[in-house]
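Taking it in order: structure first as structure tokens, then the write-up.
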Amino acid sequence: MSQATQPLDVHKLREDFPILSQKVHGKPFVFLDSGASAQKPKQVIEAMRFVMEAQYANVHRGLHYMSEKASDAYEAVRDKVAELINAGSRDEIVFTRNATESVNLVAYTWGRSALKPGDAVAVSEMEHHANLVPWQMLRDAHGTALRIVKITESGELDWDSLEEVFADGKVKLLSLTHMSNVLGTYTPVERLAKFAHERGAKLMLDGAQAIVHRAVDVRAIDADFYVFSGHKLYGPTGIGVLYAKAEILEQMPPFMGGGDMIASVGYQNSTWAKPPHRFEAGTPAIIETIGLGAAIDYVRAVGFDAIAEHERHLTEHALGVLSQIEGLRILGSAQDRGGVISFVMKDAHAHDIATLLDRQGIAVRAGHHCAEPLMGRLGVTSTARASFGLYTLPEEIDALATGLERVRKIFA
Amino acid sequence: MSQATQPLDVHKLREDFPILSQKVHGKPFVFLDSGASAQKPKQVIEAMRFVMEAQYANVHRGLHYMSEKASDAYEAVRDKVAELINAGSRDEIVFTRNATESVNLVAYTWGRSALKPGDAVAVSEMEHHANLVPWQMLRDAHGTALRIVKITESGELDWDSLEEVFADGKVKLLSLTHMSNVLGTYTPVERLAKFAHERGAKLMLDGAQAIVHRAVDVRAIDADFYVFSGHKLYGPTGIGVLYAKAEILEQMPPFMGGGDMIASVGYQNSTWAKPPHRFEAGTPAIIETIGLGAAIDYVRAVGFDAIAEHERHLTEHALGVLSQIEGLRILGSAQDRGGVISFVMKDAHAHDIATLLDRQGIAVRAGHHCAEPLMGRLGVTSTARASFGLYTLPEEIDALATGLERVRKIFA
Amino acid sequence: MNEALYDSIVLDRARHPRHAGRPAAFDAMGAGENRMCGDQVSIFRVGSTYRHEAVGCAILAASAELMCDAATGKNAGEIAILAKSFEQLVKTGQASPELGDLNALAGIAQYPSRLRCATLPWSALKASLAGDPGAGDRDHD
Amino acid sequence: MNEALYDSIVLDRARHPRHAGRPAAFDAMGAGENRMCGDQVSIFRVGSTYRHEAVGCAILAASAELMCDAATGKNAGEIAILAKSFEQLVKTGQASPELGDLNALAGIAQYPSRLRCATLPWSALKASLAGDPGAGDRDHD
Ligand SMILES: Cc1ncc(COP(=O)(O)O)c(C=O)c1O
Ligand SMILES: Cc1ncc(COP(=O)(O)O)c(C=O)c1O
């Protein structure tokens, strides 16, 4: 265990999250569902309030004070995002609604222009629907193939399968999760980028989970596309990010048409603005983007090294205590894993687990986690999942274990 | 002037909008840019704060308390929107980012499935880019035609041109603004619906402006599609609405793929959820939707009759005082018009007008207002535009007039 | 801890079902599926008795069990009335005497997101009565 | 009211231009356009003098005028240095002696959204020097 970084003062950080002091069913609220969406610190809530109370107007086209203030605040977040992921330029950052829209944007625009019918897109067995369904839709509309890279029993990418999928040279895009929202697995992204690039394919990473837990450097990875959502990163809903390398973005046709994405419009023809504006049609999520900026400031002030270290401790602790529970099985055992743990219990269905834990104030998620095919691969219909945030306490994991013991007794 | 409705107590309402008491360049802030985006009442700011501080989690798939609370609050807004526009069912309400996305959604899904190459879409000369560019993109991708219905000198729809555009029976969609964001013109939507339906075409209305100023009844209009944005209706950014008749929505293929829009997902194939969820992929704009709900509650409590009456007075007053200013020309003189007034001034460019007014604390918009082709039609490159909200005072219009007199003297 | 929903009847019937398993021969069947969580249930009519095959949570299994109990010997009209009362029960949490053991599921009213677990067997039962095996509830939400 | 940007030089030159109008013959030209607001400007070099055709606001017109004044008689290297100083001026609002009358545009620094109005003629001038008439600034933002 590295001692290089100062451990988080989690109790102090928790004061920033008003919701965590709520009671649920009369019990202290134990929120273990950050993987679905994280809670918001006061700093984010305050930033959104501030813009609405003091600096609000529509952006970009306004020549008056409020519009300039709002535009500046909005565009400043592009710089913050670029810094967060170490993009080469702010113009490589496109604002979307969420990770899902980011993937769809790439599928609709790059997919339908850079890919030809017969080209293949490869994803893995452990993708979120957001990184599977858009490629099925592209396949059906555009004639590209869709290939599935297998995972091993431990829940890691199967490199033999990867080789196989790439064997005939048809794969032009490898689109993978950076961290599985079910198994917690981190994928070896630098190696994957090299692998894909050597074979003439681009690499897209679904960073919806990964962005939250560790520092991400898209240039060090050499990712061609990287997507994530603001709401999992302690920011508001309604705002997501697409990163793509400048030379790729420049070649991409627009996704949606409307205001702000054009260079000029005539009744018959229009020309497109340069990236990133080309991909941001209509009034953007101004307030939410500014909220995301505050979230980025927040996590960077806390520090990704400390967050990663904290979550590593939590995950180790959780794996330890959960493995003590009779009849409980943890899914996935990847070497490199983040703070997301899925499990099933003998005789107790995941939904019953979630409902019974809820009565104890403990929030976990139960279901297929938008990864239905992975459920089939794992031989289950659903799992219960506990996922951690920077505000999660080891005691909360102990409460989960106690709660699960009760569940076990009820169903024993 | 009807006396049926109680006049608004505007001074009292203004207390709900914290931003209006800001000073700008040391002057009282006169915000005449509500047509671009409206300011937010405390009630909306508070609703968003509340959800983030007390009831936040991801929606739909959660079996725990916070998720149920958030899901209930989110879905309740669908009912509020359905009531607001008198939709036949809550399932006819799709949440999007903004009006722009709503139009694009229809163009991508209904446009590419219900329209065949050779079919035509008709729009008017006074459309916002949001209701023009998506149809150009559809034309280029799908082979549909795009036709332009002319407007008259007064800035109203030219019915002869409309007849002409429909003459060969190829038009399958008439997509029109319900209220022009440049000229203020209201279009006669009931009559247009009848016209289109008699000729076998659907009617789509861009209600981005109209929804703010008067009560809208999509069933009385018999509109097939209706779109608007939350941020112009005193709600947050990042949330918009698409209404479509149930039987149309049911036939529409999905737009984006991902979580929440599926019935089942396999590695190879997926099936779609019923509307409206089919069109809402990924984590929705939960906080913003709840904010929109608060905005709807707010405007309905104020009352659309009173709002319409107030804005009619303001518009009359503004047309009166502005027409006194030497060298100022108001664009458009429609019989039925709302609280948006565009003008140009002899010798003073719209940008110079906006900058000089801003120095006096007065915010107006200047430019092409995302209606570049209309600028050409009107023979100008840009206009200055004052637009009103429920919080606008007649005195603010007088301040505008005084400011414009100064501008005139500077350029005289 | 308020675990009333998982009272002894519910747990007992979930773990020790009396009507589970596909009969060798049957007069009618109906199925229901909740694709969001993978719950599946089939209902089989054999004369005026019912059996089920339920794959899912305890609430689904117990609901299927207690429904088979209650439906036995009833005709379609009587079952329709029972189904209505049951729907009231799970929505309001108000027990009502004619529901007998089914009242054990009243607690579901506190868990709106679990409602479908309790009502899915009833959709499948209706489908079996309608003679349309596929007419069960297949929505995602 | 702080209307310093619209001081007498700026207004005077916008309304009474000395270098406006396309010359019958010229040695080089360059154009710039701001599509967001419709501003357009062309710059023509005739020997070592400059003329412009500016369609847009007063800031654009005045900037084109004062630039033509300042560029007259200068070579490409000198103009490049001047352009740099001008850029500093409009970004920082700090007047600097070598800019002479151009300092009248210092006030633009308070209006970031109007910056392009002042710099567009300079982009067009650079394009004319580069010998690429279309290389002017055509961005939308
Ligand atoms: C008439 C009209 N249509 C469409 C839009 C686009 O709205 P949004 O930018 O919120 O998508 C606007 C607003 O600018 C508008 O005024
Ligand atoms: C791995 C992964 N990818 C994509 C998504 C989709 O994110 P969103 O719903 O914010 O678009 C999620 C979140 O649910 C996720 O966990």
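In what follows, every chain begins at residue 1, and chains take the letters A, B, ... in the order their sequences are listed. These values consider heavy atoms only, across backbone and side chains, with no hydrogens, waters or symmetry-generated copies.
Remark: A:Met256 CE to B:Glu101 CD distance equals 4.0 Å, nearest 0.5 Å. A distance of 5.5 Å separates CZ of A:Arg365 from CG of B:Asn58, quoted to the nearest 0.5 Å. Residue A:Thr237 holds its OG1 atom at 9.0 Å from CD1 of B:Ile239, rounded to the nearest 0.5 Å. Atom CG of B:Asp33 is separated from atom OH of A:Tyr56 by 10.0 Å, given to the nearest 0.5 angstrom.
A donor and an acceptor atom, one from each side chain of A:Asn98 and B:Arg97, are nowhere located under 3.5 Å apart. For the residue pair B:Ser264 / A:Glu372, no side-chain donor-acceptor distance below 3.5 Å is found, with atom types taken as modelled.
Taking 4.0 Å as the cut-off between side-chain N and carboxylate O, A:Glu53 and B:Lys42 do not count as a salt-bridged pair.
When the side chain to side chain donor-acceptor pair (under 3.5 Å) test is applied to B:His231, the partners found at least two apart in sequence or on another chain are A:Thr283, B:Ser37.
Counting only distance, with no hydrogens or angles, the side chain of B:Gln136 and the backbone of A:Tyr267 share a donor-acceptor pair below 3.5 Å. In this structure, B:Tyr108 contributes its side chain and A:Phe255 its backbone to a donor-acceptor pair below 3.5 Å. B:Asn104 places a side-chain N or O within 3.5 Å of a backbone atom of A:Gly257 that can act as its donor or acceptor partner.
The most heavy-atom pairs under 4.5 Å with chain B, out of A:Ala107, A:Gly282, A:Ala57, come from A:Gly282. With respect to chain A, the highest number of heavy-atom pairs below 4.5 Å among B:Glu125, B:Arg49, B:Met375 belongs to B:Glu125. The most heavy-atom pairs under 4.5 Å with chain A, out of B:Val133, B:Thr355, B:Ile19, come from B:Ile19. Interface check for chain B: of the options A:His128, A:Lys232, A:Arg112, A:Gln268, the most heavy-atom pairs under 4.5 Å are formed by A:Gln268. For chain A, the option among B:Asp358, B:Val265, B:Thr100 with the highest count of heavy-atom pairs below 4.5 Å is B:Val265. Across B:Ala363, B:Gly259, B:Ala130, the residue that shares the most heavy-atom pairs under 4.5 angstrom with chain A is B:Ala363. Of the residues considered (A:Ala54, A:Pro18, A:Ala354, A:Ala371), A:Ala54 shows the highest number of contacts with chain B, using heavy-atom pairs under 4.5 Å. No other option in B:Ala36, B:Pro284, B:Ser67 has as many heavy-atom pairs under 4.5 Å with chain A as B:Ala36.
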Output, in order, the C-alpha distance, side-chain angles, deciding distance and verdict of side-chain contact (heavy atoms from CB on, under 4.5 Å) for B:Gln55 and A:Gln22. CA-CA 9 Å; B:Gln55 294 202 337; A:Gln22 294 268 319; over 6 Å; no
Just do the side-chain contact (heavy atoms from CB on, under 4.5 Å) check on A:Met52 and B:Met48 with the steps written out, would you? CA-CA 11 Å; A:Met52 289 189 273; B:Met48 294 170 73; 3.7 Å; yes
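Taking all atoms of both residues into account, the shortest heavy-atom contact from A:Pro254 to B:Met137 is O-CE, 3.8 Å. Minimum heavy-atom separation, B:Gly266 to A:Pro373: C-CG, 3.8 Å.
The contact between A:Ala38 and chain B is made entirely by backbone atoms, counting heavy-atom distances below 4.5 Å. Of the atoms belonging to B:Ile286, heavy atoms from both backbone and side chain fall under 4.5 Å from chain A. Both the backbone and the side chain of A:Ile287 come within contact range of chain B, with heavy atoms under 4.5 Å apart. Heavy atoms of A:Leu132 lying under 4.5 Å from chain B belong exclusively to its side chain. Using a 4.5 Å cut-off between heavy atoms, B:Val364 contacts chain A through its backbone alone, with no side-chain atom that close. Both the backbone and the side chain of B:Asn269 come within less than 4.5 Å of a heavy atom in chain A. Residue B:His25 touches chain A through its side chain alone, counting heavy-atom pairs closer than 4.5 Å.
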